[in-house]
Amino acid sequence: MKKSLFYFAAFLLALAMLINCSVKDAVDDLSETQKALDCANLMLDIDEKWDDQDRNCSEINADVARILDTCNDFIDAEQKTQLEFYAANCDATN
């Protein structure tokens, strides 16, 4: 009887560990997806700010720095080039 109880407890422990790992992987995947969506929204926002006739260059430069800092893994080379263009060509007279 004790032997079967030991095997049952070991099975439950293994099952709990497997479920915990699966949940952790799912949470990590959702977190990465949320970060990617946040970065996509930041890119849309900065595009709208750039297209605005009365653009605020200090905001744009701050947004560029934040996007390059936090979204480096989620943006491609073309988007990085676009952000660098925004930062280099935005001046206080616009």
Side-chain angles (χ1 to χ4, degrees):
M1 184 72 169
K2 287 184 180 182
K3 197 174 190 179
S4 63
L5 185 59
F6 172 76
Y7 288 127
F8 182 69
F11 171 75
L12 287 179
L13 181 63
L15 183 63
M17 289 174 56
L18 179 65
I19 289 172
N20 187 31
C21 290
S22 296
V23 169
K24 183 182 181 310
D25 289 343
V27 168
D28 289 345
D29 289 344
L30 285 174
S31 176
E32 288 294 310
T33 302
Q34 184 61 48
K35 288 178 187 175
L37 286 172
D38 290 344
C39 289
N41 285 331
L42 288 172
M43 288 299 297
L44 290 173
D45 289 344
I46 200 166
D47 286 340
E48 289 175 5
K49 287 179 183 178
W50 180 259
D51 292 337
D52 190 11
Q53 290 292 56
D54 190 27
R55 68 177 70 114
N56 182 337
C57 286
S58 60
E59 264 186 43
I60 289 175
N61 289 328
D63 288 348
V64 166
R66 182 170 34 128
I67 292 169
L68 290 174
D69 183 48
T70 60
C71 297
N72 202 30
D73 296 338
F74 303 105
I75 58 176
D76 60 22
E78 183 179 332
Q79 290 170 319
K80 288 178 187 177
T81 302
Q82 179 183 11
L83 290 170
E84 291 166 357
F85 172 84
Y86 288 166
N89 290 293
C90 195
D91 59 24
T93 60
N94 286 351

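Treat the numbers as computed from the prediction; the structure is a model and nothing was measured.
Rounding to the nearest 0.5 Å places OG of Ser58 at 9.5 Å from CG of Asp63. Taking CD from Gln82 and CG from Asp47, the interatomic distance works out to 4.5 Å, rounded to the nearest 0.5 Å. One distance of note links CG of Leu37 with NZ of Lys35; it measures 12.5 Å at 0.5 Å rounding. Residue Glu48 holds its CD atom at 6.0 Å from CG of Asp45, rounded to the nearest 0.5 Å. For the atom pair CD of Glu59 and CG of Asn61, the computed distance is 10.5 Å after rounding to the nearest 0.5 Å. Interatomic distance, CD1 of Ile67 versus CD1 of Ile60, reported as 10.5 Å (0.5 Å rounding).
Ring geometry, Phe85 versus Trp50: the interplanar angle exceeds 60°, so the pair is classed perpendicular (tilted spans 30 to 60°).
When all heavy atoms of Leu68 and Asn72 are compared, the closest pair comes out as O-CB, 3.6 Å. Closest approach of Glu32 and Phe74 over heavy atoms only: OE1-CZ, 3.3 Å. In plain terms, the two heavy atoms of Leu42 and Cys71 that are nearest each other are CD1-SG, 4.1 Å. Here the closest heavy-atom approach between residue Met43 and residue Gln79 is recorded as CE-CB, 3.8 Å.
Listed by chain and residue number, Gln34 satisfy the side-chain hydrogen bond (donor to acceptor under 3.5 Å, both in side chains) test with Asp38 (two or more places apart in sequence, or in another chain).
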